[in-house]
Amino acid sequence: MNVSETILEFNVIKQQLCSHALSDEAKERLSALAPLLSEREVRLKTSETTDARRILDHAGAPPLSAIRGIRALLTLSEKGAMLTPGQLQEAAAFFASCGRMKAYLKRAQSLDVNLAYTGDSISDLSDLKEQIDSSVQNGAVLSSASPALRDIRRKLEAIDGQIRKKLDDLLRSKKNLFTDGFVSIRNGRYVLPVRKECKNQVAGTVVGISGSGGTVFIEPAAVSRLLGETHTLQIEEENEISRILYALTAAVDSRAAEIRVNIEAMAALDAAFAKAKLSAELSAVPAVLADGKTLELQKGRHPLLPRGRCVPLDFSAGGEVRGVVITGPNTGGKTVALKTVGLLSMMAQSGLHVPAERFRFPMTDRILCDIGDGQSISENLSTFSAHLTNIIEILGKASEDSLVLLDELGSGTDPAEGMGIAVAVLEELRQRNCLFLVTTHYPEVKDYAARSGGIVNARMAFDQESLSPLYRLEIGEAGESCALSIAKRLGFPAHLLQRAYEAAYAAGPKERAKPAFSCDPGPEFPAAPRTPGPKILREKPERTPIGPGFEIGDSVEVLPGKTLGIVFAPADEKGMVGVQVKGEKQRISHKRLSLKVKAAELYPPDYDFSILFDTVKARKARHQMEKRHLPGVAIEIEPPK
C-alpha cells in the first residue's frame, strides 16, 4: 500500500466503502481503489459515483445481493461436474437478483443518467431461474422435475404401503412373539422386534439385537421380495435425479457467458452504489477537475471527523501561488488542514465524492506526505531523522505534477539548522514548480515565504481574547505560535513566564521584536495552584552494625582501663571503630571494645545523634542550612585522633 494512503487514512475510507458493498467482488475492487492518472478515467469514475448517488436518492437502495460462489459454480459446470440442488438454488437466487436490478435500473432511466442504462447489459435469466425453481426446492429435487421421477416415487410409495401393511398384519396376528407393537427401521431395512426366545418362529433375516439382548430385530421373509423391488426403484430414483441435475448443470453452463457478464455488471454496480452510499453518508459532492494546476476548497470537512466538531476549511492554491506555508499555535488545526487537503485530493482523483461545498483539484502524479514524527526505536530513528529520511525520499520523487504535504518542516533538531533545512527544501520545491503545503513554527520560514515568489503565508485563526483556536485557515498572513499566551492561559507560573519571555526575545545576533505581553496571570487567568504530590512511605533505615555487634549510639567500655565511650562511626577496613570518649573522638580497634548498653535501650529509633557528636557551632550551621542556602556557612567536622 502507498505510504501516503496510510498517512492520510485513505485506507480507512476504503474500509468504509467496503462496508457498504455486499459482494466480495465489489469489495476487492474498492480495496484496490487508488488515484487515477487519466483525466478521462477520473471524469468517468466521478460521473459514475454521481449517477449512482442520484439513483440512490431518487429510487432508494438498489436490490443487490452477495455474489457468493457463482464463479466457482461456473467453473464446476465447465469441468463437467454435477451441481448440487443447493448450488443450483444459489445460482437461481443470483438470477433473480439480476432481474430485480434490471427492473430497478429501468425505472431509473427516467433520471437520464448513464449508469441507469447499464441495466441493458444485464441478461434476462428468468427462464433459467424458473427451470431450476420448478425442479429444485429446499435442497432436494422435486418429483415434478420429470415424469419418470414422479412415476418412480409413486411406485416407491405404493410398495412402502404394501410392506407396512404386511408387517402390521404380522404384528396383530402374533402379538405374543413381539416385544413392541410397531414396525421400526434399522440400517434402512424394515424390521419387527421379536422376543429372543421366539426368534425361530419368525422367518426372516436378523438385522440386529437390542442392547439388553432380549429383543431380536428381524426383517421378515414375507416382505423381502417387496424390499428388493424398493431397492431397485431407489437406484432408478438416484439415476433419474442425477440425470435431472446434470441437465440443469448443462443449462447453466450453456448460459455461462451471459452469467459472467451479469457477475461483472452486478459487481460494478455494487461498487458504484457503495461509493454513492458513502457520498450520502458524508453529505459529499462531486469534485471538479481543474484545467490547470488549481486547487480550491470551499467549506471542506475531514471525512473521518465528527461533523458537529469539524470546522469547514477554505483553501486555495495554484496559478502564481504554488506553495502555502501555514503557521499558528499548536492544537490550532494545521495538521488537520494538511490532511484534509491531501485526503480530499486523493478521494477526488479516485472518483469519489468529497465532503465540501465545492472542490476543484488538479491532476497529480503523486501525493507525497511527511506527517507525524515517524520516530522508531527499532530502526534507530529520531524524530528529526525520520522527518529527514521522508523528505529525502519525497524530493527524489516530486515532479511539477506532484502535491507535497510537509508537517512541521525542519523540526526535531537545532532551531537554526532546522530552519535552514526548511528554507532549502521549500526553495527546491519552488524550483520544481510543484504544488506544496507546509506547516512550520519558524519565523525565518515565514519571512522566506513572504519575500519569495510563488509562496504565500497562511495562518490558523486564533482568538487572542479567549486564547482558543478557531480552526479557520486564513490565506495571506503569517500566524504566531502563541506559545506564551497558551502557557499563561493554562496557568504556567508567572516567574517562569517571565523567564521564557526574556529567553525568547533576548537581545542577540538576530534580536526579535518583543511583542506586548504581560507575564502577570491576571484575575481571569489565575496561576495554577501548587498541588502536593502523593506522600512517599519510606522505610526507616536499620542501624548499621559496626564490628562484632556494635551500632551507632552503643555505650561501650574501652579496655583495658574500662573507660566509657559512645560509638559514633562504623569500623573502617582495618576494624577501627569511631568512639567518642570524654568529648574526644578517637579510632579504637573493635577488639578493645566491650558492649555496655545497646543504643536501642538508650535512645528512641529516630534520635538525632548529631546532638551528641556535633559541636554547638556545627549544629547551628546545620540547622540554618536545612532552612535555606546561606553563603559562607559551613559545617566543620572535627577529625578523630
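In this text the structure is predicted, and so the values were computed from the model without any measurement.
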query = Is there a side-chain contact between S126 and F95 (heavy atoms, below 4.5 Å)?
reply = no
ask   = Quick one: CD on E130 to CG on L125, what's the gap to the nearest 0.5 Å?
value = 11.5 Å
request  = Identify the two heavy atoms, one from L56 and one from A280, that lie closest to each other, and give their separation to 0.1 Å.
outcome  = CD2-CB, 4.5 Å
Carboxylate-amine/guanidinium proximity below 4.0 Å for E264 and R29 = yes
task = Side-chain contact test, heavy atoms from C-beta onward, threshold under 4.5 Å: evaluate it for D270 versus S65 and give yes or no.
result = no
request  = Using a 4.5 Å cut-off on heavy atoms from C-beta on, say whether the side chain of L343 contacts that of P303.
outcome  = yes
query = Between L115 and D51, what is the shortest heavy-atom contact and its length?
reply = N-OD2, 3.3 Å
key: Carboxylate-amine/guanidinium proximity below 4.0 Å for E157 and R154   = no
Working for side-chain hydrogen bond (donor to acceptor under 3.5 Å, both in side chains), residues D407 and T335 = CA-CA 7 Å; D407 193 26; T335 302; 2.9 Å; yes
key: Neighbour count above 12 (heavy atom, 6.0 Å) for K102 NZ   = yes
Electrostatic pair E281:K277 at N-O distance under 4.0 angstrom = no
inquiry  = As an exercise, state the distance from CD of Q349 to CD of E39, rounded to the nearest 0.5 Å.
reply    = 9.5 Å
ask   = Judged by atom type as modelled, is there a donor-acceptor pair below 3.5 Å linking the side chain of S135 to the main-chain atoms of I132?
value = no
ask   = Would you say K196 and T215 make side-chain contact, with heavy atoms under 4.5 Å?
value = no
inquiry  = Working to the nearest 0.5 angstrom, can you tell me the gap between I259 CD1 and S254 OG?
reply    = 7.5 Å
ask   = Which atom pair, heavy atoms only, marks the closest approach of R301 to L282?
value = NH2-O, 2.8 Å
message = Do V191 and I218 make a side-chain contact, defined as non-hydrogen atoms from C-beta onward lying under 4.5 Å apart?
response = no
inquiry  = Would you compute the distance between atom CG of L233 and atom CG of D151 and round it to the nearest 0.5 angstrom?
reply    = 9.0 Å
query = Taking 4.0 angstrom as the limit, do R366 and E5 come out as a salt bridge?
reply = no
ask   = Do the charged groups of R255 and D127 touch, with an N to O distance under 4.0 Å?
value = yes
ask   = Do S402 and D365 have a side chain donor and acceptor closer than 3.5 Å?
value = yes
query = Are any non-hydrogen side-chain atoms of S242 and M82 less than 4.5 angstrom apart?
reply = yes
ask   = Under 3.5 Å, side chain of Q87 to main-chain N/O of T84, donor-acceptor pair present?
value = yes
ask   = Can you check whether F359 reaches V288 side chain to side chain, under 4.5 Å on heavy atoms?
value = no
K275 vs E48, salt bridge (charged side-chain N to carboxylate O under 4.0 Å, His left out): CA-CA, chis, key distance, verdict = CA-CA 9 Å; K275 295 189 292 182; E48 178 184 83; 2.9 Å; yes
message = On a heavy-atom basis, which atom in L405 and which in L8 lie closest, and how many Å separate them?
response = CD1-CD2, 4.2 Å
key: C18 and K27, any side-chain heavy atoms less than 4.5 Å apart   = yes
query = So how far is it from L33 CG to I13 CD1, rounded to the nearest 0.5 Å?
reply = 11.0 Å
message = Looking at D168 and R164, is there a salt bridge between them, counting it only when a charged N and a carboxylate O are closer than 4.0 Å?
response = no
note = For S121 and V261, the nearest pair of non-hydrogen atoms, with its separation, is O-CG1, 3.6 Å
query = Would you say the side-chain atoms of T49 pair up with the backbone N or O of L352, donor to acceptor, closer than 3.5 Å?
reply = no
message = Let me confirm one number: the CD1-CD distance from I371 to E408, rounded to the nearest 0.5 Å.
response = 11.0 Å
message = Is it true that R150 and S143 share a donor-acceptor pair across their side chains at a distance under 3.5 Å?
response = no
request  = Give the C-alpha distance, both sets of side-chain angles, the deciding distance and a yes or no for side chain to side chain contact (heavy atoms under 4.5 Å, CB included) between L289 and F361.
outcome  = CA-CA 5 Å; L289 186 59; F361 69 101; 3.5 Å; yes
ask   = Which pair of non-hydrogen atoms, one from A61 and one from Y104, has the smallest distance, and what is that distance?
value = O-CE1, 3.9 Å
inquiry  = Apply salt bridge (charged side-chain N to carboxylate O under 4.0 Å, His left out) to residues E229 and R225 and explain how you reach the verdict.
reply    = CA-CA 7 Å; E229 292 182 22; R225 182 185 60 80; 2.6 Å; yes
ask   = Can you find a side-chain donor-acceptor pair between R307 and S283 that sits under 3.5 Å?
value = yes
message = Strictly distance-based, threshold 3.5 Å: is any side-chain N or O of S97 a donor or acceptor partner for the main-chain N or O of A93?
response = no
